[in-house]
Amino acid sequence: MSKETEKLDALAAQLDLDLDDLPICLACLGIVSMAIDHGDAKEVAREVRSMTPHLWAEGLAEPAIAALERASARGVPGADVALAAAERSWGQSGIAKAIVRRLATELSRRVHHDLKLEEVARERLPFTKPELN
């Protein structure tokens, strides 16, 4: 991963974007998330490059740009440059891709957490009364 990508990922991590409040297709984001789970950097880069413009166009652009504006106003280093790039290049910008990577990573963590929770709950089901299931 390049230094520029690392800087953009660090900036994306500081943006106040909540996955639950974004008007995007979680299945589309899930494609990137699954690539992240597989751990192949080339596959992740390919899916991020492929899906970011779609996610950006379907509703991620507005809240992402607003989050970049707030970060810039707070003086977050690099936010002003990333904001200009996002406004100029939209879903092709490095910050847009970093935001999608961040959100896909968050989605992956949630899915794995929920699967673990379900696994633990299933193990305990035999101990509950049927009317409580």
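For residues 55-79, the salt bridge (Lys or Arg N to Asp or Glu O under 4.0 Å) pairs, not counting sequence neighbours, are Asp16-Arg70. Counting only residues at least two apart or on different chains, no salt bridge (Lys or Arg N to Asp or Glu O under 4.0 Å) pair has a member in residues 82-99.
Taking the side-chain contact (heavy atoms from CB on, under 4.5 Å) definition, one finds that Ser72 meets it with Ala79, Asp80, sequence neighbours left out. Among residues two or more places apart in sequence or in another chain, the side chain to side chain donor-acceptor pair (under 3.5 Å) test is passed with Glu6 by none. Applying the side-chain contact (heavy atoms from CB on, under 4.5 Å) criterion to Ala96, with sequence neighbours excluded, gives Thr52, Trp56, Ser93. The side chain to side chain donor-acceptor pair (under 3.5 Å) test applied to Ser89 returns no partner, not counting sequence neighbours. For Asp21, the side-chain contact (heavy atoms from CB on, under 4.5 Å) test picks out Asp18, with sequence neighbours left out.
With rounding to the nearest 0.5 angstrom, the OG1 atom of Thr105 is 8.5 Å from the CZ atom of Arg101. Considering CD of Gln14 and CG of Leu68, their distance stands at 11.0 Å, rounded to 0.5 Å.
Using a 4.0 Å cut-off between charged nitrogen and carboxylate oxygen, Asp9 and Arg102 do not count as a salt-bridge pair.
The shortest heavy-atom contact between Pro63 and Leu17 is O-CD2, 3.4 Å. Contact between Ala64 and Ile99 at its shortest, heavy atoms only, is CB-CD1, 3.8 Å.
Counting heavy atoms from C-beta on, the side chains of Val81 and Ile95 never come closer than 4.5 Å. Here the side chains of Trp90 and Leu60 are not in contact, with every heavy-atom distance at 4.5 Å or above.
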Query raised in the report: Step by step, would you call Arg110 with Asp20 a side-chain contact (heavy atoms from CB on, under 4.5 Å)?
Result: CA-CA 11 Å; Arg110 287 185 185 189; Asp20 294 326; 2.6 Å; yes

Please report, to 0.1 Å, the donor-acceptor pairs under 3.5 Å made by any side chain of residues 23-51, with sequence neighbours excluded.
from: Ser33; atom 1: OG; to: Ala104; atom 2: O; distance (Å): 3.3
from: Ser33; atom 1: OG; to: Ser108; atom 2: N; distance (Å): 3.3
from: Asp37; atom 1: OD1; to: Ser108; atom 2: OG; distance (Å): 2.4
from: Asp37; atom 1: OD1; to: His112; atom 2: NE2; distance (Å): 3.3
from: Asp37; atom 1: OD2; to: His112; atom 2: NE2; distance (Å): 3.2
from: His38; atom 1: ND1; to: Met34; atom 2: O; distance (Å): 3.2
from: Asp40; atom 1: OD1; to: Lys42; atom 2: N; distance (Å): 3.1

